[in-house]
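Because only heavy atoms are used, hydrogens play no part in the values below, and waters and symmetry mates are left out as well, while side chains stay in. Since the model is a prediction, treat every value here as computed from it, not as a measurement.
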There are 2 protein chains.
Amino acid sequence: MVKFANRIQPCDNGLNDIFTYANDPALISFAAGYPNNHLFPQAELKSAFASSLTDSTSLQYSGAAGLKSLRAKIAQHISSPRRTFTAAEILLTQGAQQGLDLTAKLLLDPGDGVVVEAPTYLGALSAFDAYQPTYYEVPLQDDGMDLNVLQKTLMTHHVKFIYTIPDFQNPTGSTLSLPKRQALLRLAQRYDVIILEDSPYRDLRFSGESLPSLASLDTTDHVISLGSFSKILSPGLRLGWLVTTPELLVPLTELKLGNDVQSSTLVMSAIDQYLDQHDLSDHIAKMNQAYAAKMATMLNALDHYLPAAVNFTRPRGGFFIYLTLPADIDTGELLKQVILPQAKVAYVPSASLFPVSHQANGLRLNFTNLDTATIELGVKRLGQILTRVLAQPKYAKL
Amino acid sequence: MVKFANRIQPCDNGLNDIFTYANDPALISFAAGYPNNHLFPQAELKSAFASSLTDSTSLQYSGAAGLKSLRAKIAQHISSPRRTFTAAEILLTQGAQQGLDLTAKLLLDPGDGVVVEAPTYLGALSAFDAYQPTYYEVPLQDDGMDLNVLQKTLMTHHVKFIYTIPDFQNPTGSTLSLPKRQALLRLAQRYDVIILEDSPYRDLRFSGESLPSLASLDTTDHVISLGSFSKILSPGLRLGWLVTTPELLVPLTELKLGNDVQSSTLVMSAIDQYLDQHDLSDHIAKMNQAYAAKMATMLNALDHYLPAAVNFTRPRGGFFIYLTLPADIDTGELLKQVILPQAKVAYVPSASLFPVSHQANGLRLNFTNLDTATIELGVKRLGQILTRVLAQPKYAKL
């Protein structure tokens, strides 16, 4: 049989166990990272698509970079008094995910170094893996990456880019502080390393003040920044954006051309129409109110039902809360052997979110796509079974 | 500055010259491969999108393989009495272009061999280039690839896949004969090489009988076959499909997940609705009638206006006619120095369509996106200037 390329490796991310239970009506899944179906601006998008489809050019090819009028609106959306962006700095992509693939494709030869937060986003690893990097983990603290560890890594290893999710990180919900944003940029500049800023949750802040994006703080062209309509409008549209300096944008656009020619003219045009007719900030504010209530429900339930030996994060936005169990627990084994069959609750176990250390004692919970009663019930079931498991002297065998 | 990966090479495909003239209203461009704006089923798609947008799940994530009901309809569309396909053999992609990227990503390590028809589709080379293959050209004859040259190549080189456009090839319009389809499959089997069948023009036959696809003739799992809605419905939707054996489909779907998670749920759902409500074959028949008239106009004009030293193909379908000029003409230089500035006509010069030999004396003309009067006028201008150029004793200096 035909031999696959070296990049193709058998993979088990621990999520297959969940699929076995996917059709069980009793299952409460905190595993996926789906936005809430009820919050899509469905009628508004219906009218935007109808409006776009009055013009046949919305069904034609339109160029690899993406519709200029939409790129201009995105530029405006991400601009701040600190920094103004323009359409010429933006490439439209298939969600932020394609920006991960294109960046890795631009920069990585096999063996090249990539720094990731530990834990990090599984989908980013699946994009990067295809280019066979060497991963370096940098632990996350409450205010983002441990920059001392990062600096040691940059001093001793050849790193092509630093991958970070600075706002409401996936999976921990943590946010990189302003001083650390500035220090991270200084390190990138000193060691001449690209920062890949992935920020799909940036606008989903439930409390506190927004922090400037790394792209807006960058004065030396060391940032590629990714955003997406997936979490603020709809993931079924598959549209995101990549922002960077022309020197990187030109070859990235060439790679986009080879990947899939361009994004959908119709989808770009309809989003452009939507943004003409509606205030995206109003929609986001309404969504944040709903998500904040769901997160509060989950945090309260975690406070109430979790045994004391389990720690968890308290994010100020985003999609996820991250739990840390005693160090000898393997949350993947626990999920498969006890929690799925007995509690009918699903989560993302942490082992695959640490590409080097495979730390197995964490888990990610999502709160956006369930109603508050179900969140409460699911956390109750999870808390009760964790209480039982951690009370057993032999739990470490799990 | 940050060093790019080895795969990133400066590129000049000879198309930049055209962009200089793109806004000149006098320009008649035969260069692009666009379907005709007036033939999109615009009202029908408008109603299909409206119908999809009555259900919020069309705006949600839906899985990497693509909507099953649409895959089932595509399976039916490509099935024949000879061979029935099922949804389980299909992956939905961003146009056929993404199928090119995914196949190369699955199979190619740097230096691995890829056989291409000479000339071939520029976009395929741009997809494959990212995986740094070694190209082997096989000349095209009227009935497809020269299989003697192919066999010698397979005997003497390690080849991972054979890339072919069997129906109304891009750029020549030639179609692989049935005996050669069978012989090609025997060679693939004997040398255990994948055939990558790229057939976006397959349904656009203006005369003669349809030939079985390579996928439908394959009995030994040696074919990956690509199709697309771009040329039969609309390229602005960006939806295509990949058909192959599960053994290849599973890792290809994993790669799709890393590339862009999935295709647009809404676009898949709307096409599914369109196919529920309308007969695609009727739409294609209507389109073929219009395209056949345009091709006939172009062939008549070429007969009438071209000097005798220029040969051209007479396809039975598709989007393109290919011209061959005397061997010492460089159609890229000719375009830039004479034809664009003096005749205001554009085409695709051939040098970049031959990745090894860079044969420069061919050119590709598209006839689908212009009205017949403009086709006639453009060919007249092209023929007159070629007549003048070829009458000069020194034309070879161009």
Side-chain angles (χ1 to χ4, degrees), chain A residues 1-2 4-8 11 32 34-35 37-38 40 42 45-46 49-50 53-54 56-62 93-95 97-98 101 105-109 112 123 126-127 129-131 160 192-194 234-238 247 251 254-255 257-267, chain B residues 1-2 4-8 11 32 34-35 37-38 40 42 45-46 49-50 53-54 56-62 93-95 97-98 101 105-109 112 123 126-127 129-131 160 192-194 234-238 247 251 254-255 257-267:
Chain A
M1 190 47 216
V2 170
F4 296 156
N6 291 329
R7 70 176 60 83
I8 308 297
C11 89
Y34 286 20
N37 273 38
H38 303 298
F40 297 139
Q42 198 177 325
L45 285 170
K46 189 171 164 182
F49 272 88
L53 278 162
T54 58
S56 68
T57 59
S58 68
L59 292 169
Q60 188 57 279
Y61 291 109
S62 56
T93 57
Q94 295 303 112
Q97 184 71 30
Q98 188 175 44
D101 176 64
K105 203 169 187 176
L106 178 71
L107 295 176
L108 297 182
D109 288 312
D112 279 353
S126 116
D129 281 352
Y131 305 97
K160 276 304 197 56
D192 200 15
V193 173
I194 294 289
S234 142
L237 299 173
R238 307 301 313 123
E247 190 176 359
E254 282 293 322
L255 289 175
L257 201 60
N259 267 26
D260 59 12
V261 182
Q262 61 162 87
S263 290
S264 164
T265 311
L266 177 61
V267 170
Chain B
M1 188 49 214
V2 169
F4 296 156
N6 290 328
R7 70 177 61 82
I8 308 298
C11 89
Y34 285 21
N37 272 38
H38 303 297
F40 297 141
Q42 198 177 324
L45 286 169
K46 189 172 167 182
F49 273 88
L53 280 162
T54 58
S56 68
T57 61
S58 67
L59 293 169
Q60 188 56 278
Y61 291 110
S62 57
T93 55
Q94 296 301 113
Q97 184 72 29
Q98 187 175 44
D101 175 64
K105 202 168 186 177
L106 178 71
L107 296 175
L108 298 182
D109 288 311
D112 279 352
S126 115
D129 282 352
Y131 305 97
K160 275 306 198 53
D192 200 15
V193 173
I194 295 288
S234 142
L237 299 173
R238 305 301 314 125
E247 190 176 0
E254 283 294 322
L255 289 175
L257 201 59
N259 268 26
D260 58 13
V261 183
Q262 61 161 88
S263 290
S264 165
T265 311
L266 177 60
V267 169

Under a 4.5 Å cut-off applied to non-hydrogen side-chain atoms, are A:Leu237 and B:Thr265 in contact? no
Is there a side-chain contact between A:Val2 and B:Asp192 (heavy atoms, below 4.5 Å)? yes
May I ask you to name which of B:Leu255, B:Ile194, B:Thr93, B:Leu106 has the most heavy-atom pairs under 4.5 Å with chain A? B:Leu106
With distance as the sole test, does A:Ser264 use its side chain to make a donor-acceptor pair with the main-chain N or O of B:Gly236 at under 3.5 Å? yes
Would you check if the side chain of A:Gln60 reaches a backbone N or O of B:Pro35 as a donor-acceptor pair within less than 3.5 Å? yes
With the side chain counted from C-beta on, respond yes when A:Tyr61 and B:Arg238 share a heavy-atom pair under 4.5 Å apart, and no when they do not. yes
Is B:Phe49 in contact with chain A via its backbone, its side chain, both, or neither, using a 4.5 Å heavy-atom distance? side chain
Would A:Asp260 and B:Gln97 count as having a side-chain donor-acceptor pair, cut-off 3.5 Å? no
Turns out that what part of B:Leu108 lies under 4.5 Å from chain A's heavy atoms comes down to backbone
Just to verify, what does B:Asp109 make a side-chain contact (heavy atoms from CB on, under 4.5 Å) with, not counting sequence neighbours? A:Lys3, A:Ala5, A:Asn6, B:Asp112
Chain B shares the most heavy-atom pairs under 4.5 Å, among A:Leu107, A:Val193, A:Val267, A:Asp129, with A:Leu107
When you look at B:Lys46 and A:Thr54, which way does the side chain to side chain contact (heavy atoms under 4.5 Å, CB included) test go after all the steps? CA-CA 8 Å; B:Lys46 189 172 167 182; A:Thr54 58; 3.7 Å; yes
Going from CG on B:Leu257 to CG on A:Asp101, what distance comes out if it is rounded to the nearest 0.5 angstrom? 11.5 Å
Residue part contacting chain A, namely of B:Ser263, when any heavy atom lies under 4.5 Å: backbone
Ignoring hydrogens and angles, tell me if any N or O in the side chain of B:Gln42 forms a donor-acceptor pair with the backbone of A:Leu53 under 3.5 Å. yes
Hey, does B:Val261 have a side-chain heavy atom less than 4.5 Å from the side chain of A:Gln94? no
Please identify, among A:Ala127, A:Ala32, A:Ser126, A:Ser56, the residue contributing the most non-hydrogen atom pairs under 4.5 Å to chain B. A:Ser56
Can you tell me which portion of B:Pro251 sits under 4.5 Å from chain A's heavy atoms? Options are side chain, backbone, both or neither. side chain
Sorted by chain and number, sequence neighbours left out, side-chain contact (heavy atoms from CB on, under 4.5 Å) with B:Ala130 holds for A:Lys105, B:Arg7
Hey, does B:Leu59 have a side-chain heavy atom less than 4.5 Å from the side chain of A:Asn37? no
